Amino acid sequence: MDEACSNVRVQLDSKPENIDTLERQRVRLQVEEQALKKEKDPLSAARLAEVQKQLAALEDTLRPLQMKYAQEKERLDNIRRLQNKRQELMVALEMAEQRQVGI
C-alpha cells in the first residue's frame, strides 16, 4: 500500500511524460539550431530553417500542454495546502478539547 501511494505521489509531482519528451526534443533542436547558426554553407542554412520551423511547431504544441499542467499543479498545491491547514486545525481543536476536559 505504501509503495502504491508513493508511486502515485511521484506521478503527481512529476511532469507528464509527453511534456518531458517534448521539452527534451526542444532542447535538442535548440542545441542544433545554435550549432547551425555558426555554419555558413547552404546546406546548413537550409537545415537551420527546417530546425527553426520544427521549433516553432513544437512550441505551439508544448505551450498549451505546459499551461494546462501548471494550472493542474497549482490546483493540487492548493488542495495540499488546504489539507495541511485542516490537519493543523484538527490538532488545535483536539488540544483545545483536551484542555477543556481537564478543567
Side-chain angles (χ1 to χ4, degrees):
M1 182 70 161
D2 287 338
E3 187 176 331
C5 290
S6 177
N7 288 339
V8 169
R9 177 79 178 205
V10 167
Q11 288 175 351
L12 290 174
D13 290 340
S14 300
K15 282 186 184 177
E17 188 177 335
N18 61 337
I19 292 176
D20 188 53
T21 300
L22 291 172
E23 286 179 342
R24 281 192 245 165
Q25 185 179 359
R26 179 181 59 189
V27 169
R28 184 185 58 77
L29 287 171
Q30 288 171 334
V31 168
E32 185 177 355
E33 177 187 38
Q34 292 305 311
L36 289 168
K37 283 181 178 180
K38 296 175 184 175
E39 301 298 323
K40 303 297 179 201
D41 62 285
L43 190 59
S44 294
R47 177 63 185 149
L48 177 60
E50 178 61 29
V51 166
Q52 289 173 332
K53 186 176 168 182
Q54 289 176 356
L55 271 170
L58 187 62
E59 286 295 333
D60 289 343
T61 302
L62 192 54
R63 193 173 303 111
L65 294 173
Q66 288 173 321
M67 287 175 55
K68 182 179 177 188
Y69 170 68
Q71 290 169 346
E72 290 174 356
K73 185 160 175 39
E74 181 63 30
R75 279 190 220 118
L76 185 60
D77 290 344
N78 284 337
I79 290 169
R80 287 180 180 159
R81 277 192 294 276
L82 290 171
Q83 286 174 331
N84 287 339
K85 183 66 175 174
R86 179 182 179 271
Q87 185 63 33
E88 289 171 10
L89 291 171
M90 293 296 286
V91 168
L93 176 62
E94 191 174 310
M95 290 174 64
E97 287 173 347
Q98 288 175 356
R99 281 193 303 264
Q100 195 73 18
V101 171
I103 294 178

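Model, not experiment: these values are computed from the prediction. Position 1 is the first residue of the sequence; numbering continues from there.
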Leu29 CG to Glu50 CD distance, which is reported to the nearest 0.5 Å: 9.5 Å

- line: Separation between CZ (Arg28) and CZ (Arg26), nearest 0.5 Å, reads 13.0 Å

task: Check whether the side chains of Glu23 and Gln66 place a donor and an acceptor atom closer than 3.5 Å, and report yes or no.
output: yes

ILVMFWY cluster, Tyr69 and Leu58 together (side-chain gap under 4.5 Å): yes

field: Within 6.0 Å of CZ in Arg81, more than 12 heavy atoms from elsewhere
entry: yes

- request: Measure the CD1-CZ distance between Ile79 and Arg86 for me, rounded to the nearest 0.5 Å.
  value: 13.5 Å

message: Show the nearest heavy-atom pair for residues Leu22 and Leu65, with the distance to one decimal.
response: CD1-CD1, 3.7 Å

message: What I'd like to find out is whether the side chain of Lys85 reaches to under 4.5 Å of the side chain of Glu88, using heavy atoms alone.
response: yes

statement: Note: with side-chain heavy atoms under 4.5 Å as the link, the other cluster members for Val91 come out as Met95

- request: Applying salt bridge (Lys or Arg N to Asp or Glu O under 4.0 Å), name anything that partners Arg63, two or more places apart in sequence or on another chain.
  value: Asp60

query: Under a 4.0 Å N-O cut-off, is there an ion pair linking Glu17 with Arg24?
result: no

Distance-only side-chain donor-acceptor flag, Ser44 / Asp41, under 3.5 Å: yes

message: Could you tell me if the side chain of Glu94 sits less than 4.5 Å from the side chain of Met90, heavy atoms only?
response: no

Check: Gln30/Gln34 side-chain N/O donor and acceptor closer than 3.5 Å: no

query: Do Glu32 and Arg47 meet the salt-bridge criterion of a basic N to acidic O distance under 4.0 Å?
result: yes

